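Residue numbers begin at 1 in each chain, while the letters A, B, ... track the order of the sequences. What you see is a predicted model, and the numbers here were worked out from it, not measured in a lab.
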Amino acid sequence: MSDVAKESLNFIEQIIHDDLETNPNITVHTRFPPEPNGFLHIGHVKAICINFETAKKYGGKTNLRFDDTNPLTEKTLYVDNIKNDIKWLGYDWEDREYYASDYFQQLYDFAVDLIKKGLAYVDESTPEQIAEMKGTTTSPGVDSPARTRSVEENLRLFEEMKDGKHPDGSMVLRAKVDMKHPNMLMRDPNIYRIKKATHHRTGDDWCIYPLYDFAHGQSDSIENITYSLCSLEFRHHRDLYNWLIEKLEIFPSRQIEFARMNVEYMITSKRRLLKLVNDNLVTGWDDPRMPTISGMRRKGYPPAALRTFVDKVGVAKRDNLIEIGLLESCVRDELNKTTARVMGVLDPLKLIITNYPEGQVEQMEAVNNPGDESMGTRSIPFSRELYIEQGDFMEDAPKKFFRLGPGKTVRLKNGYIITCEDFKKDENGKVVEVHCKYYPDSRSGSDTSGIKAKGVLHWVSIGHAVKVTINNYHRLFTVEQPLADPDKDFMEFFNNNSLEVLDNVYVEPSLLTAKVGERFQFMRKGYYCLDTTSTEDNLVFNSTVGLKDSWAKKNKKK
RNA sequence: UGACCCAUGGUGUAAUCGGUAACACACCAGUUUUUGGUUCUGGCAUUCAAGGUUCGAGUCCUUGUGGGUCAACCA
């Protein structure tokens, strides 16, 4: 059977596919170009995956290049974090770690070349004057008086700029394109400015720095990037990108733009995320509620789930709002396959098995993952006094409630079948103790009792359980699009209950050996990940995502 | 009162010389299940609008409508 089932290509792959047909010798070379001025977030994940995966698909390469042309905002600390995040996501740039700052001399030479060609000039107009002369989207701009300066003078002035003979902001180098161009970015864009600041890598070697439009495309060219894949908001820059490549006569990299993704309940604006951090509304950039890679990692999202997510989101050019459910489904799917099942009781209720011998302890064998035999088994202590969930007992249980209630019978997972015979309440009427009898011949794995129990409950043995802390995380915002309403500040939608700490949680003793970052499925509850703040005395688990809960959904509907 | 980009189900994407709407998530119903998890099965849109070209249009043309982007010595 031939597998020529035409695989559908996204529009970028289509372009590459067509290029390859005309010229099979093309090596697909992409790049991921972050500015090291902050933390990577879910939006960057898409850019990373697209650049790396596209190259991989065509046997090409992807460079990591730090776009560090603004010394005021960039730090080596961010460089290290970014590299760590990309590695964690599962991508490898091998030895191709580059910096725009590596090209400062080359870029300077390009600028000199442009001046010599009569295509760039030094302008000492103020930012206000330059803005004024730009015109508007509906009216053309006017030429700056500096536009007619001679090549010689431009050369001299530009060199003086480089030599630090002029103060910050006193003049800029502009490309001479067209002040009447319909694309505002083509109206003689600034390409070099003076900044007497210490650069995180080049120190004080330079006091003039290229602007984005004179650094990005040129760096792409220098690195022989064939496809420069970026998000749609750079569309208008492409005209300049191509103009500069043409005038400089350098390697013709091609920029292709795709739509960035918007995810429900998430924001990626650095300024706004910073506010959450500064106002201590989250514990930091790696708070598990944050949309940063470090936050999602700490929350327990597996890198493979993020990659699958981006793949399922696809690549196109239209505006989109991705349902958070898609992300969570990718996370669940991955975690379902890879995590060990354990039992933990989040809201304990004491259960006494009245006919079970006092002091007796049995080790029950439990399968770690019913879908993956290779994950093995473990043993769990079973005894007379256990904890079950408060929510698993109801005094007046409806018929469809497959859990415990007076006279009801259930199986204790990996244990015995029990029937409820009695319960105790405190002075407030709250059930505090449930009494059951068990059937000795119903032990898991060797059940000869013939009793049927529809419900299955998780539990822990009180005498053996480990008390831990759980951080239950909920959405950071109360609406899908906190930024959608122009009349309202996004903080109006901040969810003040996004963190719920449970400190009366008991888990099976096997969890004592859990490692930070390790992920588990707490049966019937959800997925949890051991947090970095865990200590030997107190394990802290972060909620990653809940299990699908059709019972809760059904009840909610009523 | 400009230029550029976009418009397929609830959501995100497919439909590769125009050939009769596919996949995933979500949802609904059922199946399986010592997790109300998982599995499996079935159900769920005629493609923004109006014209036009054509035997045939989601795909081409025209005109609308709607949405997005663009004027930092930021990237």
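- Using C1' as the reference atom, B:A24 and B:U8 are 15 Å apart when rounded to the nearest Å.
- A salt bridge does not link A:R147 to A:D123: none of the charged side-chain nitrogens sits closer than 4.0 Å to a carboxylate oxygen.
- Distances from the side chain of A:T137 to the nucleotides B:C5, B:U35, B:C70 place B:C70 closest.
- The distance between atom CG of A:L321 and atom C1' of B:A26, rounded to the nearest whole Å, is 14 Å.
- Proximity note for A:L211 (side chain, C-beta onward) versus B:C70, B:G37, B:A75: the nearest is B:A75.
- No donor-acceptor contact under 3.5 Å links the side chain of A:Q521 to the base of B:G37.
- Counting distance only, with no hydrogens placed and no angle test, the side-chain atoms of A:R524 and the base atoms of B:U35 include no donor-acceptor pair under 3.5 Å.
- As a whole-Å value, the separation of A:K317 NZ from B:A14 C1' is 18 Å.
- The pair A:R31-A:E223 does not meet the salt-bridge criterion, since no charged nitrogen lies less than 4.0 angstrom from a carboxylate oxygen.
- Side-chain proximity of A:K312 to the nucleotides B:C5, B:C25, B:U35 is greatest for B:C25.
- Between the CG atom of A:D220 and the P atom of B:A75 there is a distance of 15 Å, rounded to whole Å.
- Set against B:C73, B:G37, B:C70, the side chain of A:H236 has B:C70 as its closest nucleotide.
- Looking at residues 177-198 of chain A, you'll see A:P182, A:M184, A:N190, A:R193, A:K195 sit with a heavy atom under 4.0 Å from some atom of RNA chain B.
- Checking the phosphate oxygens (OP1, OP2) of B:G36, no side-chain nitrogen or oxygen of A:K553 falls inside 4.0 Å.
- Nearest to the side-chain atoms of A:D549 among the listed nucleotides B:U34, B:G36, B:A71 stands B:G36.
- Using a 4.0 Å heavy-atom criterion, one finds that A:G169 contacts the bases of the nucleic acid, with or without backbone contacts as well.
- Residue A:Y212 places its side chain closer to B:A75 than to any other of B:U13, B:A75, B:U34.
- Considering only side-chain N and O atoms, A:S550 lies under 4.0 angstrom from the phosphate OP1 or OP2 of B:G37.
- Of all nucleotides listed (B:U11, B:C73, B:A75), B:A75 comes nearest to the side chain of A:D67.
- Applying the 4.0 Å criterion to OP1 and OP2 of B:C5, one finds that A:R238 has every side-chain N and O outside that range.
- In this structure, A:R341 fails the cation-pi test against A:F520, since its NZ or CZ atom is not both closer than 6.0 Å to the six-membered ring centre and inside 45 degrees of the ring normal.
- Side-chain atoms of A:K413 lie closest to B:U35 of the nucleotides B:U11, B:U35, B:A14.
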Does A:D447 form a salt bridge (charged side-chain N to carboxylate O under 4.0 Å, His left out) with A:R411? I'd like the steps, not just the answer. CA-CA 11 Å; A:D447 184 354; A:R411 171 175 289 283; 2.7 Å; yes
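- Taking the side chain of A:N336 as heavy atoms from C-beta on, and the options B:A75, B:G37, B:G68, the nearest nucleotide is B:G37.
- Other residues, nucleotides and ligands contribute at most 12 non-hydrogen atoms within 6.0 Å of the CD atom of A:E373.
- Taking side-chain N and O atoms only, A:R318 has a distance below 4.0 Å to OP1 or OP2 of B:U8.
- Phosphate proximity of B:A3 to A:T138: absent, as no side-chain N or O sits under 4.0 Å from OP1 or OP2.
- Nearest nucleotide to the A:N70 side chain, out of B:C74, B:G37, B:C4: B:C74.
- Applying the 6.0 Å contact sphere to CD of A:E132 captures no more than 12 heavy atoms from other residues, nucleotides or ligands.
- Taking the six-membered ring for Trp and thresholds of 30 and 60 degrees, A:H199 and A:Y209 have nearly parallel ring planes, at less than 30 degrees apart.
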